[in-house]
2 protein chains.
Amino acid sequence: MARTTGSDGEKTEATIREAAINLIARLGYEAMSMRQLAAEVGVQAAALYRYFPTKEELLFTLMREHMEGLTEAWEAARPVSADPAQRLSAYVENHIAFHIERRHATHVSNMELRSLSPERLTQILRMRTAYEKELRAILRDGAETGAFSIDDTGLTAMALIQMMTGVIVWFRPGERLSIAEVTATYLSMTMRLVGAKIDAYSAARPFGRAKDAVAF
Amino acid sequence: MARTTGSDGEKTEATIREAAINLIARLGYEAMSMRQLAAEVGVQAAALYRYFPTKEELLFTLMREHMEGLTEAWEAARPVSADPAQRLSAYVENHIAFHIERRHATHVSNMELRSLSPERLTQILRMRTAYEKELRAILRDGAETGAFSIDDTGLTAMALIQMMTGVIVWFRPGERLSIAEVTATYLSMTMRLVGAKIDAYSAARPFGRAKDAVAF
DNA sequence: GCAATAATAAAACGAACGTTCAATTAATTC
DNA sequence: GAATTAATTGAACGTTCGTTTTATTATTGC
């Protein structure tokens, strides 16, 4: 047989991406076979190659789009204010919201880097470094103006990112805590970690204040 | 041919473990073939099956021993003192030192959980949960006595563990920072994050004070 | 030095892998 | 409604995988 009734290239490609993210997140890239993916999509394995020339190209596409999405989300959320505390708040909120909403894609982007060819790995890491650089700049500015007291901005940035991204390991939507509660608590922890002056930021942002007021 | 001169079971097994940790950390469990591992050890693939009945059993053994080592290290390092700040200091120092010293094994234990059968996964997770429970107990005690001010002990424990374990992602021995410097900075960040009263802990522990005094 | 045992090599097993190719049918264009 | 293009199937390719089996040699215990 051949073309099936109702078949549509765009729909199929979108289904492939979605199914691939879920399968790779669950089984791992190496453990997922193209036949498994095809079965999930409801198609034969050969049909996948109409959309992605190789398995690795599929993985790379998923990762690149994830990083592009993260960068775009931050560019949209970045405040015009120069105040380090406000900028840090925005960074934390954007980072956590984005990663919780795309848990599976984040899992893929973080865990499957070693399956990329060197050139593609470099490309993804460049995007990641650029994104992290934004955080370092905020921390450096805050340290210079005295808004924060920080030992080592590079090390602190890495610690914060690991802490925030780690949310996807244990967070399950619809359980004990809502996204807003988690974000508020992480914001409070972040501000304490960088030694931010109390309430220098929270007045400007009415986000999760009730809980923060006590803890922070 | 068959048995080679100088061959020794104990030595071979130790070599297999070591090589497996390095190879799995570098390539991933699924991507590493038994033939690759055998070549690294300097032996034929069939010889591996004298020591480990299956590939998964090998992975499980590596993970179990890693978790046992972590538990034992903490039991040896756990202070007799009831002071939460002192206990937290000891926990952080032990955790970071252990994970930096065994970067590859930690990588394996964190990244390859999904390749375990359900029963074995449960077993590893049980050990991990028990270890993390110790941290939650410290945080709870500190929150109750007023030594710390914490929003949510469970969430804070997860955040701290992600932050600390994340060291292995970027830390490379012999680069800019020594293990002692990294540990000192993380200790300082931890204490601020949990809202510890200043110098309630550092007097008892002469570790990394010079740098901390400013930052904390 | 001879039997018993430990450690390995060599070859083979069937299954599964990523990928390619030719054939076939549905949708679109004119 | 014929020609063209898009979407998919089914079968096959060579390779590699984890694992098993059998034979062979080194070492150990007596």
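Protein chains get the first letters and strands the later ones, always in sequence-line order, with residue 1 at the start of each. Computed over heavy atoms, backbone and side chain alike; hydrogens, waters and symmetry mates excluded.
- Taking for each of A:A46 and A:Q36 the nucleotide of DNA chain C with the nearest heavy atom, the 5'-most of the two is the partner of A:Q36.
- Taking 4.0 Å as the cut-off between side-chain N and carboxylate O, A:R17 and A:E13 count as a salt-bridged pair.
- Closest contact between the side chain of A:R35 and the listed nucleotides D:dA12, D:dT9, C:dT8 involves D:dA12.
- Rounded to whole Å, the distance from CD on A:E13 to P on D:dA6 is 15 Å.
- Relative orientation of the A:F98 and A:H66 rings is tilted, given thresholds of 30° and 60° on the angle between their planes.
- Ring centroid separation for the pair B:F171 and B:H99 does not come in under the 6.0 Å cut-off.
- OP1 and OP2 of C:dA16 both lie 4.0 Å or more from every side-chain N or O belonging to A:S33.
- A:Q44 has a side-chain polar atom (N or O) that falls below the 4.0 Å cut-off from OP1 or OP2 of D:dG10.
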Stepwise, does the side chain to side chain contact (heavy atoms under 4.5 Å, CB included) test hold for B:L155 with A:E181? CA-CA 11 Å; B:L155 196 148; A:E181 286 170 324; over 6 Å; no
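- Rounded to whole angstrom, the span from the CG atom of A:L48 across to the C1' atom of D:dG10 amounts to 14 Å.
- One atom, CE of A:M34, and another, P of C:dT19, lie 6 Å apart when rounded to the nearest Å.
- For C:dT8, one of the phosphate oxygens OP1 or OP2 lies less than 4.0 angstrom from a side-chain nitrogen or oxygen of B:Y51.
- With rounding to whole Å, A:E10 atom CD is found 13 Å from D:dA6 atom C1'.
- What separates CE of B:M32 from C1' of D:dT16 is a distance of 15 Å, to the nearest Å.
- For the pair A:K11 NZ and D:dT8 P, the interatomic distance rounds to 10 Å; values are reported in whole Å.
- Counting only N and O atoms by type, the side chains of A:E56 and A:T54 include no donor and acceptor under 3.5 Å apart.
- D:dG18 atom P lies 21 Å from atom CZ of B:R50, rounded to whole Å.
- Of the candidates D:dA12, D:dT19, C:dT8, the closest approach to any side-chain atom of B:A45 belongs to D:dT19.
- Between D:dT8 and A:T12, a contact under 4.0 Å exists linking OP1 or OP2 to a side-chain N or O.
- Following rounding to the nearest Å, A:E30 (CD) and D:dT16 (P) show an atom-to-atom distance of 14 Å.
- Which of C:dG18, D:dT21, D:dT19 sits closest to the side chain of B:Y49 comes down to D:dT19.
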